[in-house]
K.L.:
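I have a structure here, written as structure tokens, and I will follow up with some questions on it.
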Amino acid sequence: MELVNSVHQYTAIIEHCPNIIRAIVSIQADAFDCGTLYRTLCTSRCSTCNRFGDHLYLIDCRRVCYFCFTRRAEYFSLTSREASKFFTPNAKPQSNAKSSRKLLELVKPPSILSLPGRYCGAWTTRGGNLQARRLRLYDRRAVVQNLAGSGLPQSDKTTREPKRFMAIISAPVLLNAGRQVDQGFFCLGCRDESHETEEKTKHFRIKYTTEDISEHIASYGRVERTPRIPGRFMHVTKDQITP
């Protein structure tokens with residue numbers, strides 16, 4: 001244990017992100033090492049867009065924002081049954097499911113073993129959709145050769161799809177060689193913004209780094225309480241400020 005604690009990267013992760021280590025062990029996310037995790041935590045951008053990636057996709061350790069992991073094809077993981085259909089001997093239609101499963105286990109693409117629990121809690125009154133069984137989930141990008149051509153199944157419920165959340169955990173940014181951390185901020189002035197037309201710049205789901213939130217406020221104005229609606233906030237530009 002002394003040898004492990006002497007590793008600076010591991011020590012920084014344990015100090016600032018212990019829940020990530022617990023999650024990695026619990027769901028058996030073994031497709032990356034401590035060095036990869038540390039380097040990813042030292043970045044801030046989503047791996048598939050330019051927003052702050054305030055989550056980690058733990059199947060292969062990528063930063064990702066809420067909009068990408070709930071919508072893009074590569075973050076909709078595959079169950080063992082779904083993934084095995086892409087592993088057919090000699091590229092012929094496979095009638096023997098057992099052979100396909102063996103090929104999948106032999107190739108061993110990145111995967112995790114999900115935890116039972118409730119997911120997508122924002123959309124239900126009972127704390128989320130209950131998933132009683134653990135599922136072996138495979139990275140779609142590692143299994144499907146052409147993501148664009150494969151399309152998404154009709155069963156994908158995006159923000160209400162539990163499989164999209166099972167490999168996701170919130171993740172701060174490590175700064176100053178792991179000695180400091182930026183947890184990020186949501187904007188109170190955008191708390192009631194949910195229109196898709198404003199999604200790129202103003203939305204209650206967008207999280208910002210310390211640097212990003214300063215730029216956001218500079219662009220849209222400081223945040224003040226809405227005078228006529230208790231508990232509501234809004235951006236106020238210079239021309240809206242009364243003397």
K.L.:
For the atom pair OG1 (Thr226) and CG (Leu188), what is the distance rounded to the nearest 0.5 Å?
P.N.:
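Result: 10.5 Å between the selected atoms.
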K.L.:
Between Phe165 and Leu130, is there a shared hydrophobic cluster once you connect ILVMFWY residues whose side-chain heavy atoms come closer than 4.5 Å?
P.N.:
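No, Phe165 does not connect to Leu130 through the hydrophobic network.
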K.L.:
Do Thr209 and Ser44 have side chains that approach each other closer than 4.5 Å (heavy atoms only, starting at C-beta)?
P.N.:
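Yes - at least one pair of side-chain heavy atoms lies under 4.5 Å apart.
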K.L.:
Assess the residue pair Leu56 and Ile168 against the criterion (side chain to side chain contact (heavy atoms under 4.5 Å, CB included)); give the C-alpha distance rounded to whole Å, side-chain angles, the decisive distance to 0.1 Å, and a yes or no.
P.N.:
CA-CA 6 Å; Leu56 284 188; Ile168 295 293; over 6 Å; no
K.L.:
Salt-bridge test for Glu74 and Arg72: reply yes if a basic N is under 4.0 Å from a carboxylate O, no otherwise.
P.N.:
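Answer for the salt bridge query: yes.
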K.L.:
Are the side chains of Ile169 and Leu58 in touch, meaning some heavy atoms are under 4.5 Å apart?
P.N.:
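Sidechains of Leu58 and Ile169: in contact.
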K.L.:
Mind checking salt bridge (Lys or Arg N to Asp or Glu O under 4.0 Å) for Asp212 and listing every partner two or more places apart, or none if nothing turns up?
P.N.:
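Arg45.
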K.L.:
Does any non-hydrogen side-chain atom of Thr40 lie less than 4.5 Å from one of Arg62?
P.N.:
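Result no, sub-4.5 Å side-chain heavy-atom pair not found.
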K.L.:
Evaluate side chain to side chain contact (heavy atoms under 4.5 Å, CB included) for Lys202 paired with Tyr220, printing each intermediate quantity in order.
P.N.:
CA-CA 9 Å; Lys202 295 175 67 181; Tyr220 293 98; 3.4 Å; yes
K.L.:
For a 4.5 angstrom cut-off between non-hydrogen side-chain atoms, does Phe67 reach Arg51?
P.N.:
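The answer is yes; the side chains approach within 4.5 Å.
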K.L.:
Identify the two heavy atoms, one from Ser100 and one from Ser84, that lie closest to each other, and give their separation to 0.1 Å.
P.N.:
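Result for this residue pair: CB-O, 3.3 Å.
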K.L.:
State which residues pass ring-ring contact (aromatic ring centres under 6.0 Å, His included) with Tyr57; sequence neighbours excluded, sorted by chain then number.
P.N.:
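Tyr75.
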K.L.:
Would you mind reporting whether Leu37 and Ile13 have side-chain heavy atoms less than 4.5 Å apart?
P.N.:
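SC-SC contact between Ile13 and Leu37 confirmed.
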K.L.:
Please give me the minimum heavy-atom distance between Ile59 and Ser77, naming the atom from each residue.
P.N.:
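Distance-wise, the nearest heavy atoms are CD1-CB, 4.0 Å.
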K.L.:
What distance do Arg164 atom CZ and Phe76 atom CZ have between them, rounded to the nearest 0.5 Å?
P.N.:
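Those atoms lie 6.0 Å apart.
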K.L.:
Parallel, tilted or perpendicular: which one describes the rings of His216 and His235, with boundaries at 30° and 60°?
P.N.:
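The arrangement is perpendicular - the two ring planes meet at more than 60°.
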K.L.:
Are side-chain heavy atoms of Gln131 and Lys163 found at a separation under 4.5 Å?
P.N.:
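Counting from C-beta outward, Gln131 and Lys163 never come under 4.5 Å.
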K.L.:
How long is the span from the CG atom in Leu104 to the OH atom in Tyr138, to the nearest 0.5 Å?
P.N.:
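These two atoms lie 4.0 Å from each other.
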K.L.:
Evaluate Arg118 against Asn129 for side chain to side chain contact (heavy atoms under 4.5 Å, CB included), listing each step before the verdict.
P.N.:
CA-CA 5 Å; Arg118 291 187 179 275; Asn129 296 319; over 6 Å; no
K.L.:
Using the side chain to side chain donor-acceptor pair (under 3.5 Å) criterion, which residues pair with Asp33? Sequence neighbours excluded.
P.N.:
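So Asp33 forms a side chain to side chain donor-acceptor pair (under 3.5 Å) with Thr36.
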K.L.:
Are side-chain heavy atoms of Thr11 and His8 found at a separation under 4.5 Å?
P.N.:
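No, too far: nothing below the 4.5 Å cut-off.
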K.L.:
Decide if atom CZ of Arg225 counts as having more than 12 heavy atoms of other residues, nucleotides or ligands within a radius under 6.0 Å.
P.N.:
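Count not over threshold, so no.
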K.L.:
Heavy atoms only: give me the nearest Asp60-Phe32 pair and the separation to one decimal.
P.N.:
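Reported closest heavy-atom pair: C-CD2, 4.0 Å.
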K.L.:
Starting at OH of Tyr119, measure out to CE of Met166 and round the result to the nearest 0.5 Å.
P.N.:
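So the gap between those two atoms works out to 5.0 Å.
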K.L.:
Tracing side-chain links under 4.5 Å among I, L, V, M, F, W and Y, which residues wind up in one group with Leu175?
P.N.:
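Cluster partners of Leu175: Phe52, Val173.
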K.L.:
Ring of Tyr66, cation from Arg205 - is the NZ or CZ under 6.0 Å from the centre and inside 45° of the axis?
P.N.:
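Output yes; distance and angle both within limits.
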K.L.:
Hey, any chance Leu113 and Leu78 share a hydrophobic cluster, counting ILVMFWY side chains that come within less than 4.5 Å of each other, even indirectly?
P.N.:
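Looking at the clustering, Leu78 is in a separate group from Leu113.
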K.L.:
Is any side-chain heavy atom of Glu82 closer than 4.5 Å to a side-chain heavy atom of Thr79?
P.N.:
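Yes, close enough: below the 4.5 Å cut-off.
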K.L.:
Would a hydrophobic clustering, with Ile, Leu, Val, Met, Phe, Trp and Tyr connected at side-chain separations under 4.5 Å, put Val181 with Leu41?
P.N.:
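The answer is yes; both residues are in one hydrophobic cluster.
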K.L.:
To the nearest 0.5 Å, how far apart are OG1 in Thr70 and NE2 in His55?
P.N.:
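Nearest 0.5 Å value for the OG1-NE2 distance: 9.5 Å.
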K.L.:
Which atoms form the tightest heavy-atom contact between Arg63 and Asp54, and what is the distance?
P.N.:
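That closest heavy-atom pairing would be NH1-CA, 4.3 Å.
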K.L.:
Is the backbone N or O of Ser114 less than 3.5 Å from a side-chain atom of Arg134, with the two atoms forming a donor-acceptor pair by type?
P.N.:
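Yes; judged by distance alone, with no hydrogens or angles, the pair exists.
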K.L.:
Is the centre of the Tyr38 ring less than 6.0 Å from the centre of the Tyr10 ring?
P.N.:
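Between Tyr38 and Tyr10, the centre distance exceeds or equals 6.0 Å.
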K.L.:
Treating His16 as the side-chain partner and Asp182 as the backbone partner, does any N or O pair qualify as donor plus acceptor under 3.5 Å?
P.N.:
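No, because the side chain of His16 does not come within donor-acceptor range (under 3.5 Å) of the backbone of Asp182.
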K.L.:
For the atom pair NZ (Lys85) and CZ (Arg81), what is the distance rounded to the nearest 0.5 Å?
P.N.:
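Atom-to-atom, Lys85:NZ and Arg81:CZ are 5.0 Å apart.
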K.L.:
Between Arg179 and Glu15, is the closest basic N to carboxylate O distance under 4.0 Å?
P.N.:
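No, this pair does not count.
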K.L.:
Which atom pair, heavy atoms only, marks the closest approach of Ala12 to Gly178?
P.N.:
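Scanning both residues, the minimum pair turns out to be CB-O, 3.7 Å.
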K.L.:
Would you confirm whether Thr237, through its side chain, and Gly221, through its main-chain N or O, come within 3.5 Å as a donor-acceptor pair?
P.N.:
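A pair under 3.5 Å: no.
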K.L.:
Throw together a table of side-chain donor-acceptor distances under 3.5 angstrom for residues 18-25, partners on residues two or more places apart or in other chains.
P.N.:
unit_1: Asn19; atom_1: OD1; unit_2: Arg22; atom_2: NH1; d: 2.4

K.L.:
Closest heavy-atom contact between Val143 and Ala83?
P.N.:
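Val143 and Ala83 have their closest heavy atoms at CG1-O, 4.0 Å.
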K.L.:
Using the salt bridge (Lys or Arg N to Asp or Glu O under 4.0 Å) criterion, which residues pair with Arg232? Sequence neighbours excluded.
P.N.:
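Asp192.
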K.L.:
With side chain to side chain contact (heavy atoms under 4.5 Å, CB included) as the test, would you mind laying out the steps for Cys120 and Thr159 before giving the verdict?
P.N.:
CA-CA 7 Å; Cys120 316; Thr159 57; over 6 Å; no
K.L.:
side-chain hydrogen bond (donor to acceptor under 3.5 Å, both in side chains) for Ser111 and Arg136? Distances and angles first, verdict last.
P.N.:
CA-CA 7 Å; Ser111 69; Arg136 175 63 63 180; 3.1 Å; yes
K.L.:
Membership question, hydrophobic clusters at under 4.5 Å side-chain separation (ILVMFWY): are Ile206 and Ile217 in the same one?
P.N.:
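As far as the 4.5 Å side-chain criterion goes, Ile206 and Ile217 are connected within one cluster.
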K.L.:
Does Gln28 have more than 12 heavy atoms from other residues, nucleotides or ligands lying within 6.0 Å of its CD?
P.N.:
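Check passes, neighbour count above 12.
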